[in-house]
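Note sheet for the following structure.
By convention in this document, chain letters (A, B, ...) are assigned in the order of the sequence lines, proteins followed by strands, and residues within each chain are numbered from 1.
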There are 2 protein chains.
Amino acid sequence: MKAGTSKKTVKKSADFRRAAEVFKALSNPNRLLIVDALSEGERCVADLTALVGLDMSTVSAHLAVLRNVGIVSDERRSTQIFYSLRRPCLMNVFCCLDEFHSEGD
Amino acid sequence: MKAGTSKKTVKKSADFRRAAEVFKALSNPNRLLIVDALSEGERCVADLTALVGLDMSTVSAHLAVLRNVGIVSDERRSTQIFYSLRRPCLMNVFCCLDEFHSEGD
DNA sequence: GCTTTACTTGGTTATTTTGCAAAGTATCAA
DNA sequence: TTGATACTTTGCAAAATAACCAAGTAAAGC
């Protein structure tokens with residue numbers, strides 16, 4: 001643990017705003033579907049579009065949301081653009097969610 | 001690990017919808033502020049209202065959102081209603097988010 | 001240069017979210 | 001039972017989101 005870092009972190013308004021943005025990016029089922037697909041490796045937009053079954057422009061917008069909060073990155077190779085997950089720890093979030101739901105009432 | 005459970009879980013549309021609802025509940029800075037406060041113990045609505053600095057009706061609505069996805073539970077004691085976190089693992093999500101941001105570029 | 005392919009951006013519409021204020025409900029105390 | 005306290009619910013306006021289609025851009029091939 002770094003110096004100046006304590007277990008009980010002091011959180012500021014900006015921290016909550018930033019965290020909320022990440023959660024908001026993950027708050028749509030189609031984006032989660034995309035994130036899940038990317039967890040198995042990079043995919044181009046056409047593949048993701050086929051996967052989610054919406055208009056490509058819509059999928060492109062979803063990818064922009066994920067990109068803007070740093071969840072995915074894109075790389076153009078000739079005419080295609082490949083997206084991939086930037087944050088391996090995102091998969092932990094999914095695991096935590098499984099736990100969340102299986103704790104049930 | 002239970003029988004019938006594999007590492008590579010097959011996820012259905014309903015799973016993504018349910019997960020998205022939890023993320024949506026966490027996608028607002030004021031709700032995150034509330035969750036953070038509750039991570040230190042139960043609080044009544046008046047206390048949470050003072051904390052977030054919005055109208056009590058607004059805070060009540062935020063609490064309803066968190067309650068509807070099972071993140072918090074409420075218990076009336078005389079005229080006050082105390083809210084508390086139902087899911088300890090939610091704090092793991094916060095840890096994961098810290099990790100998320102500190103990986104950042 | 002022109003076309004095609006693969007994507008993104010802009011415009012529009014319907015729906016959802018977030019806030020406040022006012023009215024409603026539950027509990028307690030006088 | 002009347003009033004006060006502590007919430008919740010309803011009604012409403014402003015802003016954000018998610019979807020489509022149409023138009024714009026970037027790279028590759030002809």
Side-chain angles (χ1 to χ4, degrees), chain A residues 13-14 16-38 41-85, chain B residues 13-14 16-38 41-85:
Chain A
S13 172
F16 291 117
R17 250 181 281 120
R18 201 165 56 152
E21 281 184 10
V22 176
F23 285 128
K24 183 166 289 182
L26 296 171
S27 73
N28 176 284
N30 291 313
R31 283 196 293 270
L32 288 185
L33 184 54
I34 289 171
V35 168
D36 182 59
L38 295 182
E42 62 174 20
R43 299 277 188 277
C44 69
V45 182
D47 285 354
L48 294 170
T49 296
L51 177 74
V52 305
L54 296 176
D55 195 275
M56 184 181 276
S57 67
T58 303
V59 172
S60 182
H62 281 313
L63 288 167
V65 169
L66 294 171
R67 184 164 16 84
N68 287 338
V69 298
I71 291 174
V72 302
S73 59
D74 59 331
E75 188 194 332
R76 162 157 250 149
R77 289 210 285 281
S78 129
T79 86
Q80 289 173 297
I81 300 184
F82 288 88
Y83 281 83
S84 49
L85 270 195
Chain B
S13 173
F16 291 117
R17 252 182 279 121
R18 200 165 58 152
E21 282 183 9
V22 176
F23 285 127
K24 183 168 289 182
L26 297 171
S27 74
N28 178 285
N30 292 313
R31 284 197 292 270
L32 288 185
L33 185 53
I34 290 171
V35 168
D36 183 57
L38 295 181
E42 62 173 22
R43 299 278 188 277
C44 69
V45 181
D47 285 353
L48 294 171
T49 297
L51 177 75
V52 306
L54 296 176
D55 195 275
M56 183 180 276
S57 66
T58 303
V59 172
S60 183
H62 280 312
L63 288 166
V65 170
L66 294 171
R67 184 163 17 82
N68 287 338
V69 299
I71 291 175
V72 304
S73 59
D74 58 331
E75 187 193 333
R76 161 157 250 148
R77 289 209 287 281
S78 125
T79 86
Q80 289 173 297
I81 300 184
F82 289 87
Y83 280 83
S84 49
L85 269 196

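- One interatomic measurement links the two molecules: CZ of B:Arg31 to C1' of C:dT16, which rounds to 12 Å at whole-angstrom precision.
- Note: B:Ile81 CD1 to B:Glu42 CD = 12.5 Å, rounded to the nearest 0.5 Å.
- For A:Ser57 and D:dC21, a side-chain-to-base donor-acceptor distance below 3.5 Å is present, hydrogens and geometry of angles not being considered.
- Of the candidate nucleotides C:dG19, D:dC7, C:dT8, D:dC7 has the atom nearest to the side chain of B:Gln80.
- B:Arg43 has its CZ atom 13 Å from the P atom of D:dC7, to the nearest Å.
- Atom CD1 in A:Ile34 sits roughly 11 Å away from atom P in D:dA18 (whole-Å rounding).
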(request) Please assess B:Val45 against B:Asp74 for the test side chain to side chain contact (heavy atoms under 4.5 Å, CB included), listing each intermediate value before the final yes or no. (result) CA-CA 10 Å; B:Val45 181; B:Asp74 58 331; over 6 Å; no

(request) Take nucleotides 25-30 of chain D nucleotide by nucleotide from the 5' end and write B, S or -, depending on whether a protein heavy atom sits under 4.0 Å from the base, only from the sugar-phosphate, or from neither. (result) -SSS--

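- Atom P of nucleotide D:dA19 and atom CG of A:Leu63 are separated by 12 Å, given to the nearest angstrom.
- Applying the 4.0 Å criterion to OP1 and OP2 of C:dT17, one finds that B:His62 has every side-chain N and O outside that range.
- Geometric assessment of A:Arg77 against the ring of A:Phe82 yields a positive cation-pi assignment under the 6.0 Å and 45° thresholds.
- Put simply, CE on B:Met56 is 18 Å from P on D:dT10, counting in whole angstrom units.
- A close approach under 4.0 Å does occur between a side-chain nitrogen or oxygen of A:Asn28 and OP1 or OP2 of D:dA18.
- Considering only heavy atoms from C-beta on, B:Leu54 stays 4.5 Å or farther from B:Thr49 through its side chain.
- One atom, CG of A:Asp74, and another, P of C:dT8, lie 7 Å apart when rounded to the nearest Å.
- Atom CG of A:Asp55 and atom P of C:dT13 are 17 Å apart (whole Å).
- Contacts of A:Tyr83 with the nucleic acid, taken as non-hydrogen atoms under 4.0 Å apart, involve only primed sugar atoms and P, OP1 or OP2.
- Taking atom NZ of A:Lys24 as the reference point, atom P of C:dT17 lies 10 Å away to the nearest angstrom.
- Counting all heavy atoms, side chain and backbone alike, B:Ser27 lies closest to B:Arg31 at OG-NH2, 4.0 Å.
- Of all heavy-atom pairs between A:Ala19 and B:Leu32, the closest is CB-CD1, 3.6 Å.
- Side chains of B:Val69 and B:Leu26 form no contact here, defined as non-hydrogen atoms less than 4.5 Å apart.
- Within the nucleic acid shown, A:Leu54 comes within 4.0 Å of sugar-phosphate atoms alone, with no base atom in reach, counting heavy atoms only.
- Atom CD1 of residue A:Ile34 and atom NE2 of residue A:His62 lie 6.0 Å apart, to the nearest 0.5 angstrom.
- Here the CZ atom belonging to A:Phe16 is positioned 10.0 Å from the CG atom belonging to B:Asn30, to the nearest 0.5 angstrom.
- The side chain of B:Thr58 places an N or O atom within less than 4.0 Å of a non-bridging phosphate oxygen (OP1 or OP2) of C:dC20.
- In this structure, OG1 on B:Thr58 lies 11.0 Å from CE on B:Met56, to the nearest 0.5 angstrom.
- Within a heavy-atom distance below 4.0 Å of DNA chain C, no residue of residues 64-73 of chain A is found.
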